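This is a predicted model, so every value here is computed, not measured. All residue numbers refer to positions in the sequence shown, counting from 1.
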Amino acid sequence: MTTTAPAPASAPTVPQRVRDLVARVTGDEKHDPSAHSTLDVVWTLYDQVLRVDPGHPDDPDRDRFLLSKGHGPASTYAVLAAKGFFPATWLDDVASFDSPLGHHPDRTLVPGIEIGSGSLGHGLPLAVGLALGLRGRTPARVVVLVGDAELDEGSNAEAIQVAGRYGLGNLTCVVVDNHSDNLGWPGGIASRFALEGWAAAEVRTHDQPRLTAALRRTVPDRPTVVVVDTTAKPGTTVKESA
């Protein structure tokens, strides 16, 4: 059985105040395009989807968001600051000697960060293990954000298979598709996951109502993947598979 959250009548775009916070994160400009392309997804997750409380960042029943694209954390830092996980002034001093914010996020230093990341290919396997550990113990969801090029890493192929075999309904993988991969996949990214038993959806990054609905969607006993195309032209249709 498939459950799909209805698309809201109007969904929020990223507020200018959050975009201004992103602009305060400097010093790693080579990763700006990759980092900034995640902003719509991360904001939508924290504003409309995830059950998290900045006052209790370690609540055992919280939803877990894992940033596998940890080499570009600017958007995530900005959203966490906007939601009150830490002071916005931290954004003005990223990667200094005594700053808790590094060019790769550190879960021991930054409230709201669940894993230390940046070595691509690690986030999805970690999410699979976390979802397995939490299943049956808490209603928490595990949502991991990966990049399309990151899926070239072999560890992700194994994680996709294992998650499908275990029927991890509490796991969602969000693939931010910038069309930057070197190898590609016949039939597209979503079909690769669907072949292994995942429920799959494809949306455009600026289609806020459908993006919100896709990120809210869960399927009992099946993991979910949402492929978010950052380059698709307006009018692109949304695809879903049960």
Got a salt bridge between Asp229 and Arg204, using NZ or NE/NH1/NH2 to carboxylate O under 4.0 Å?
no
I'd like to know if Leu109 and Val52 are part of one continuous hydrophobic network [Ile/Leu/Val/Met/Phe/Trp/Tyr, side-chain heavy atoms within less than 4.5 Å].
yes
Treating Ile, Leu, Val, Met, Phe, Trp and Tyr as nodes and any side-chain heavy-atom pair under 4.5 angstrom as an edge, say whether Phe65 and Leu120 lie in one connected cluster.
no
Side chains of Thr218 and Arg141: any donor to acceptor distance under 3.5 Å?
no
Side chain to side chain contact (heavy atoms under 4.5 Å, CB included) with Asp93: which of Leu101, Asp98, Thr26?
Asp98
How close do Val226 and Ala214 get, heavy atom to heavy atom, and via which atoms?
CG2-O, 3.6 Å
Determine whether Leu151 and Phe193 make a side-chain contact, defined as any pair of heavy atoms from C-beta on separated by less than 4.5 Å.
yes
So OG1 of Thr76 and OH of Tyr46: to nearest 0.5 Å the spacing works out to 7.0 Å
Drop me the distance from Phe86's CZ to Tyr77's OH, to the nearest 0.5 angstrom.
7.5 Å
Pairwise side-chain contact, Leu134 with Leu130, heavy-atom cut-off 4.5 Å (strictly under):
yes
Do Val203 and Val227 touch side chain to side chain, with heavy atoms closer than 4.5 Å?
no
Could you tell me if Asp92 and Thr89 have a donor-acceptor pair between their side chains, going purely by distance under 3.5 Å?
no
Walk me through it: do Leu124 and Ser68 pass the test side chain to side chain contact (heavy atoms under 4.5 Å, CB included)?
CA-CA 7 Å; Leu124 183 53; Ser68 191; 5.8 Å; no
Under 4.5 Å between any side-chain heavy atoms of Leu168 and Leu132, yes or no?
yes
Taking side chain as C-beta onward, heavy atoms only, is Trp198 less than 4.5 Å from Leu171?
yes
For Val128 and Ala159, work out which heavy atoms get closest and say how close.
CG2-O, 3.7 Å
So, Arg107 side chain and Glu114 main chain: donor-acceptor pair closer than 3.5 Å or not?
yes
Going by atom types only, do Gln208 and Thr13 share a side-chain donor-acceptor pair under 3.5 Å?
no
Give the C-alpha distance, both sets of side-chain angles, the deciding distance and a yes or no for side chain to side chain donor-acceptor pair (under 3.5 Å) between Asn178 and Thr231.
CA-CA 6 Å; Asn178 301 325; Thr231 67; over 6 Å; no
Nearest non-hydrogen partners of Arg64 and Ala140, listed with the distance:
NH1-CB, 3.6 Å
From Thr212 OG1 over to Asp40 CG, what is the distance, rounded to the nearest 0.5 angstrom?
10.0 Å
Is there side-chain contact between Cys173 and Val146, with heavy atoms separated by less than 4.5 Å?
yes
Lys/Arg-Asp/Glu bridge criterion (N-O < 4.0 Å) met for Asp20, Arg17:
no
Decide side chain to side chain contact (heavy atoms under 4.5 Å, CB included) for Val176 and Thr230; before the verdict, give the C-alpha distance in whole Å, the side-chain angles of both, and the deciding distance to 0.1 Å.
CA-CA 7 Å; Val176 175; Thr230 65; 3.7 Å; yes
What one should report as the nearest heavy-atom pair of Ala81 and Leu91 is CB-CD1, 4.0 Å
Compare all side-chain heavy atoms of Ser99 with those of Trp90 and state whether any distance is below 4.5 angstrom.
no
With heavy-atom distances below 4.5 Å as the criterion, would you say the side chains of Leu67 and Ile113 are in contact?
no
How would you list all residue pairs meeting ring pair (Phe, Tyr, Trp, His ring centres under 6.0 Å) that involve residues 118-140, not counting sequence neighbours?
none
Between Val18 and Leu39, is the side chain to side chain contact (heavy atoms under 4.5 Å, CB included) condition met? List the steps.
CA-CA 9 Å; Val18 178; Leu39 182 57; 4.1 Å; yes
Spacing of OG1 belonging to Thr44 relative to CZ belonging to Arg216, to within rounding of 0.5 Å
9.5 Å
Decide yes or no on side chain to side chain contact (heavy atoms under 4.5 Å, CB included) for Gln48 and Trp43, but give the supporting numbers first.
CA-CA 8 Å; Gln48 295 289 306; Trp43 174 253; over 6 Å; no
With a cut-off of 6.0 Å (strictly less than), are more than 12 heavy atoms of other residues, nucleotides or ligands near CG of Asp221?
no
Are the side chain of Thr224 and the backbone N or O of Thr172 linked by a donor-acceptor pair below 3.5 Å?
no
Between CG on residue Leu66 and CG on residue Leu145, distance to nearest 0.5 Å
10.0 Å
Distance col, row Asp177:CG vs His179:NE2, nearest 0.5 angstrom, shows 4.0 Å
I'd like to know if the side chain of Arg137 reaches the main chain of Gly133, judged simply by a donor and an acceptor atom lying under 3.5 Å from each other, with no hydrogens or angles considered.
yes
Does a side-chain N-to-carboxylate-O contact under 4.0 Å join Arg51 and Asp63?
yes
Under the salt bridge (Lys or Arg N to Asp or Glu O under 4.0 Å) rule, what do Arg62 and Asp59 come out as? Steps first, then yes or no, please.
CA-CA 5 Å; Arg62 72 191 183 280; Asp59 184 337; over 6 Å; no
Closest non-hydrogen atoms of Lys69 and Ser37, given as atom of the first, atom of the second and distance, are NZ-OG, 4.0 Å
If you look at every heavy atom in Gly197 and Pro223, which pair is closest and at what distance?
O-CD, 4.2 Å
